[in-house]
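Quantities reported herein were computed from a predicted structural model and do not represent experimental measurements. Lettering of chains follows the sequences in order, A, B, ..., and the numbering in each one begins at 1.
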Amino acid sequence: MESRQALCLKELCPVCGDQVSGYHYGLLTCESCKGFFKRTVQNNKQYVCAEQQECTIDRGQRKRCPSCRFLKCLHVGMRLEAVRADRKRGGRNKFGPMYKRDRALKQQREALIQDGGFRLDSGSSTHHRNLTFTTGFHPLPMIPSTSLPTAQPPHLCSLLPSTQYQCTSFSNWKSQHSNNGSPGPREGKSPSSRIHSFSPPAPSMPQLVMEFLRCDPDELQLQSKISARILQEEENGTPNTFSLMCVMADQTLFSIVEWARTSIFFKQLKVDDQMKLLHSCWSDLLLLDTVCRNVLQGRENSLLLVTGQEMELSYVASHAGLTLASLVQRGQDLVEKLHILKVDRQEFACIKFLVLFNPDVKQLEDPRFVESVHEQAESSLLEYTLSTSSHLIGRFAHLLLCLSEIRSLSTLAEDYLYCKHLSGGVPCNNLLIEMLHAKRSCA
DNA sequence: GTAGCCTTGAAA
DNA sequence: TTTCAAGGCTAC
């Protein structure tokens with residue numbers, strides 16, 4: 001067995017291809033990209049690319065364009081939230097278990113390559129396509145977990161404690177998140193300044209995209225947690241595949257509520273409004289979560305689940321009913337469209353906020369706030385999209401079209417689930433069923 | 001501003 | 001006590 005260090009040092013930095021020096025801000029990188037990422041985030045740097053945002057970042061040219069270098073850092077999965085706001089030295093952060101698991105996966109792969117000659121992509125296991133083995137739908141290997149979700153989940157209202165409510169304004173947010181209040185180099189020409197008619201000044205858009213990204217949950221932690229729960233279900237009996245999928249959806253829904261509850265802007269809303277928004281878009285977010293995972297990490301002709309398992313589409317076609325199989329196929333078509341559009345984590349982070357802050361939700365206490373956040377998210381997405389792919393005319397419009405496809409698909413999925421629920425085919429007493437009922441009673 | 005090396009300190 | 005991923009320092 002190779003030493004931990006030897007395993008790490010064999011890899012190349014996913015940003016510039018230099019020698020990796022260890023895990024830094026979420027994944028294995030070299031020392032210079034680690035330092036660059038730290039300086040950029042700590043000093044709130046705003047770079048502008050002099051070209052078309054397509055500069056090559058390699059060891060020899062990494063100094064040429066900090067803008068493209070930073071975008072590449074984010075694209076490969078470096079985590080903004082790993083840079084400490086308090087600048088405290090030493091110790092470990094919440095990524096410790098993630099690094100440990102990533103190492104274990106790498107060792108596992110290394111062993112498989114040596115034993116059986118599997119061909120696998122190199123690089124960090126966290127954020128690339130073509131990553132996992134196709135397993136069909138087998139029971140999961142044991143994954144230790146210290147905090148298993150409870151068998152009887154609490155209701156949504158108890159997941160959104162009213163003590164969380166703090167009313168801070170946009171201007172407070174801006175002052176907290178900018179160094180001196182003066183606009184960054186990109187702010188002056190931000191499309192948002194043309195779009196916004198609402199009074200609060202927009203924070204610099206790249207920064208808002210960063211804030212959205214910061215809110216993203218840790219995928220590996222989620223994977224371990226839900227895998228452990230599935231294992232628990234399997235040990236408790238032998239539920240069928242559909243029931244296990246419902247448990248997965250239910251647990252994912254938990255993580256979505258937790259994500260929303262702790263997210264920027266959303267935590268400023270009153271609990272009533274929070275519940276109304278979540279009741280309205282839970283299935284969109286659930287679908288978006290799966291779509292996002294499959295666009296960023298999935299493989300063709302298979303469905304990547306939140307547990308990291310892959311299910312062959314041919315298996316779905318032969319084992320699921322006609323309705324479910326066609327829903328999955330439509331979802332997969334959407335994944336393919338988004339994959340062709342090369343939608344990245346940043347864009348998905350914006351889209352999630354667009355979906356969550358739906359200004360069409362009725363009887364909100366603070367509709368103007370919801371509307372303004374929706375506009376901010378849309379402007380962020382527009383600016384980011386233009387800055388990364390200005391040569392692709394209409395890409396933003398394509399993204400919005402995909403969003404409406406997500407909405408129509410999630411409505412169909414909800415109807416399907418409701419029918420299955422009425423016929424007793426869905427496990428009861430969970431968040432999934434609560435949401436299903438809540439939305440129907442609102443409609 | 002960059003990047004290599006050093007120091008720190010919580011978790012294992 | 002050891003590990004190792006944070007932040008800091010400094011020559012370039």
Side-chain angles (χ1 to χ4, degrees), chain A residues 1-51 53 55-108 110 123-127 142-147 177 179-180 182 184-186 204 206-207 210 213-214 216-221 224-225 228:
Chain A
M1 180 71 71
E2 282 180 278
S3 75
R4 183 181 284 182
Q5 210 175 14
L7 262 172
C8 290
L9 294 178
K10 273 186 5 188
E11 298 212 16
L12 299 178
C13 174
V15 181
C16 70
D18 200 352
Q19 188 79 53
V20 150
S21 69
Y23 282 91
H24 306 296
Y25 310 110
L27 72 164
L28 289 169
T29 73
C30 68
E31 196 62 25
S32 73
C33 288
K34 166 200 155 188
F36 169 77
F37 190 76
K38 180 185 70 175
R39 286 192 302 276
T40 303
V41 179
Q42 279 182 341
N43 302 325
N44 193 24
K45 300 271 186 200
Q46 308 275 326
Y47 306 119
V48 180
C49 176
E51 305 291 326
Q53 299 239 331
C55 305
T56 305
I57 305 297
D58 57 27
R59 197 181 166 185
Q61 301 183 74
R62 65 190 175 199
K63 284 198 267 188
R64 281 194 185 171
C65 180
S67 172
C68 290
R69 191 182 187 183
F70 187 57
L71 279 177
K72 194 167 177 191
C73 285
L74 291 172
H75 187 77
V76 299
M78 290 183 83
R79 308 295 292 252
L80 295 160
E81 64 269 38
V83 179
R84 297 173 184 167
D86 58 5
R87 298 198 164 200
K88 227 173 126 186
R89 299 171 79 180
R92 295 272 202 274
N93 61 15
K94 66 169 184 170
F95 293 106
M98 183 173 102
Y99 297 146
K100 198 175 166 186
R101 191 163 157 71
D102 196 50
R103 272 195 197 97
L105 279 170
K106 282 182 203 306
Q107 285 189 345
Q108 223 172 27
E110 195 78 13
S124 170
S125 68
T126 43
H127 297 285
M142 282 294 291
I143 296 167
S145 172
T146 48
S147 57
H177 291 80
N179 286 345
N180 49 19
S182 61
R186 300 183 71 161
S204 82
Q207 208 178 340
M210 282 186 212
L213 263 184
R214 266 185 220 271
D216 266 353
D218 174 41
E219 178 77 4
L220 282 174
Q221 264 180 10
S224 312
K225 207 171 164 178

Minimal non-hydrogen separation, [X] against [Y], with atom names:
| X | Y | value |
| --- | --- | --- |
| A:Gln42 | A:Arg87 | CB-NH2, 3.3 Å |
| A:Arg214 | A:Val41 | NH2-CG1, 4.3 Å |
| A:Leu80 | A:Leu213 | CD1-CB, 4.2 Å |
| A:Met78 | A:His24 | CE-O, 4.0 Å |
| A:Arg64 | A:Pro66 | O-CD, 3.7 Å |

Using whole Å, what does the distance between atom [atom2] of nucleotide [N] and atom [atom1] of [X] come to?
| X | N | atom1 | atom2 | answer |
| --- | --- | --- | --- | --- |
| A:Lys34 | B:dT2 | NZ | C1' | 13 Å |
| A:Glu31 | C:dG8 | CD | P | 14 Å |
| A:Gln19 | B:dA3 | CD | C1' | 15 Å |
| A:Asn43 | C:dG8 | CG | C1' | 12 Å |
| A:Asn44 | B:dG1 | CG | P | 13 Å |
| A:Lys38 | B:dC6 | NZ | P | 15 Å |
| A:Phe37 | B:dT2 | CZ | P | 14 Å |
| A:His24 | B:dC6 | NE2 | C1' | 14 Å |

At less than 4.0 Å, is any side-chain N or O atom of [X] found next to OP1 or OP2 of [N]? Yes or no.
| X | N | result |
| --- | --- | --- |
| A:Arg62 | B:dT2 | no |
| A:Gln42 | C:dA6 | no |
| A:Tyr99 | C:dA6 | yes |

TODO: Please determine, for the side chain of A:Arg39, which listed nucleotide (B:dT2, C:dC4, C:dA6) has the closest atom?
DONE: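 Minimum distance to the A:Arg39 side chain belongs to B:dT2.
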Open item on the list: Measuring from the side chain of A:Tyr25 (C-beta onward, heavy atoms only), which nucleotide among C:dA5, B:dA3, C:dG7 has the closest atom?
Closed with: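 Nearest to the side-chain atoms of A:Tyr25, counting from C-beta on, is C:dG7.
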- [ ] Test A:Phe70 against A:Tyr47 for side-chain contact (heavy atoms from CB on, under 4.5 Å), laying out the working first.
- [x] CA-CA 8 Å; A:Phe70 187 57; A:Tyr47 306 119; 4.2 Å; yes
Open item on the list: Quiz question: going by heavy-atom distance under 3.5 Å, is there a donor-acceptor pair between the base of B:dG1 and the side chain of A:Lys45?
Closed with: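 Between B:dG1 and A:Lys45, which were checked side chain against base, a qualifying N/O pair under 3.5 Å is absent.
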TODO: Using a 4.0 Å cut-off on protein heavy atoms (strictly under), produce a 5'-to-3' string for nucleotides 7-12 of chain B with B for base contact, S for backbone-only sugar-phosphate contact, and - for none.
DONE: BBBBS-
Open item on the list: Please check: side-chain N/O of A:Asn43 versus main-chain N/O of A:Lys45, any donor-acceptor pairing under 3.5 Å?
Closed with: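 Between the backbone of A:Lys45 and the side chain of A:Asn43 there is no qualifying donor-acceptor contact (under 3.5 Å).
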Task: End axis versus end axis in the helix from B:dG1-C:dC12 to B:dA12-C:dT1, the angle rounded to 10°, five pairs used at each terminus - done: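 Rounded to the nearest 10 degrees, the bend comes out at 10°.
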Would you list the atom pairs, donor with acceptor, under 3.5 Å between side chains in residues 27-37 of chain A and any protein atom, with sequence neighbours excluded?
residue: A:Glu31; atom: OE1; partner: A:Ser21; partner atom: OG; Å: 2.8
residue: A:Glu31; atom: OE2; partner: A:Lys34; partner atom: NZ; Å: 3.0
residue: A:Ser32; atom: OG; partner: A:Arg62; partner atom: NE; Å: 3.4
residue: A:Ser32; atom: OG; partner: A:Arg62; partner atom: NH1; Å: 3.0
residue: A:Ser32; atom: OG; partner: A:Arg62; partner atom: NH2; Å: 3.4
residue: A:Ser32; atom: OG; partner: A:Arg69; partner atom: NH2; Å: 3.2

Open item on the list: If you apply the rule side-chain contact (heavy atoms from CB on, under 4.5 Å), what do you find for A:Gln46 with A:Val48, and how did you get there?
Closed with: CA-CA 7 Å; A:Gln46 308 275 326; A:Val48 180; over 6 Å; no
